[in-house]
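Ligands are counted one by one from 1 in listed order, and the atoms in each one are counted from 1 as well.
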Amino acid sequence: MRRVSQPTACLSLAGLLCAMLVLAGCRPPATDTQEPIGSQVALRLTQTAAAPTSARPAPTVRPSETSIPTTTAIPTITPTPTISPTPSHTATATAVPRATVELGSLPHPPARFDGPSHFYFGSPTGGFIASSYRYGSVGPGQRFAPHHGVDYSAPAGADVVAVAPGTIYYAGSDLERLFGPQNDFYGNLVVLQLAQPWNGRALFALYGHLDQIFVQAGQAVAAGEVVGTVGATGVALGPHPHLEVRLEFPESYWDTRNPELWLTPASGYGTLAVRVTNAAGFYLPGVRVDFVCGDAAPRFMETYWYSGVNPDDVYGENAAMMNIPPGYCDFELTVAGQKVEYRDALVAAGTVSFVDIRVP
Ligand SMILES: [Zn+2]
């Protein structure tokens, strides 16, 4: 365990270590590289901070009219939503300490969803993705900078493998070469350039916090080939593999995408891409979305905080999760004390299912 005074890059082992540190009051101090999530005051997810009219998007399309090209592999997942504007009985007057976000400053969702799914990545390691600190989220208690990747629960020393065939772009430490918001952020890292670009754009997988590295720049690797082992180098609260997807700019912290939309889901499972916007079409950041799918297990995700993270070029989502059992899912979220429900979204195996939730 080291460098807890630095901005936190990742959680470990499903966030357990982190949660312990948080409980112990070991919160890293705010720095220039940490998003100002700890200093905000009130929940203001309404349109009060809307951009000037020139920056407003075109009038939104109702969910039932959403245009999804039939030529794409995106399933038709826009059943007429049951959006309940009934105020939640659980809403209280206690303000949740959330960011005051200029909604108009966030990227605007694309008007339509276009293109086939892009499951170019196999699993980088064993274990599962830590649910408490998914891409674009800020972790338990909202104490961390928005996450630019995902963390796995694999133990120290476990193998980390190439997610696809490709060529090693970089292998070594980031002590003197910048890949994150500061040097020594990822510690020992490997950046793999996939042999297969996406839409003509170079595609990269970044592995952070490694212990050992077994490859070197310029080396060709096969899918599944071991590139290193799980460690806790750089800014990490404990050993865990951190995986990022970078498009076009392998050394840019600001050009990531959500890995859960690039990782191939387990056989028989699908992936959810969710967009939560308000009536004016602005992304709503930091909204917890609880949902239940075919296996009746409770799941949740948190919409992106959009401080340096990006929606996918195909989906324009602000939350995503892989390995969802096929079948119908019901969603529930609360925005500014108002409960919103979205029912009967159909998830298909082997592809990305898109859910567009408009908060009235
Ligand atoms: Zn991480």
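Among the backbone and side-chain atoms of His209, none of the N, O or S atoms lies under 2.8 Å from the Zn ion (ligand 1). The Zn ion (ligand 1) has an N, O or S atom of Asp151 closer than 2.8 Å. When distances to the Zn ion (ligand 1) are checked against a cut-off of 2.8 Å, His148 contributes no N, O or S atom below that limit.
For Glu317, the salt bridge (Lys or Arg N to Asp or Glu O under 4.0 Å) criterion is met by no residue, not counting sequence neighbours.
Phe300 carries Arg288 over the face of its six-membered ring, with the cationic atom under 6.0 Å from the centre and within 45° of the normal.
Annotation for Phe214: hydrophobic cluster partners, listed by chain and number, are Val161, Val226 (ILVMFWY side-chain heavy atoms under 4.5 Å, direct or chained).
The Zn ion (ligand 1) is the vertex of the angle joining ND1 of His242 and NE2 of His147, which measures 100° to the nearest 10°.
Between the Thr233 side chain and the Leu210 main chain, a donor and an acceptor come within less than 3.5 Å of each other.
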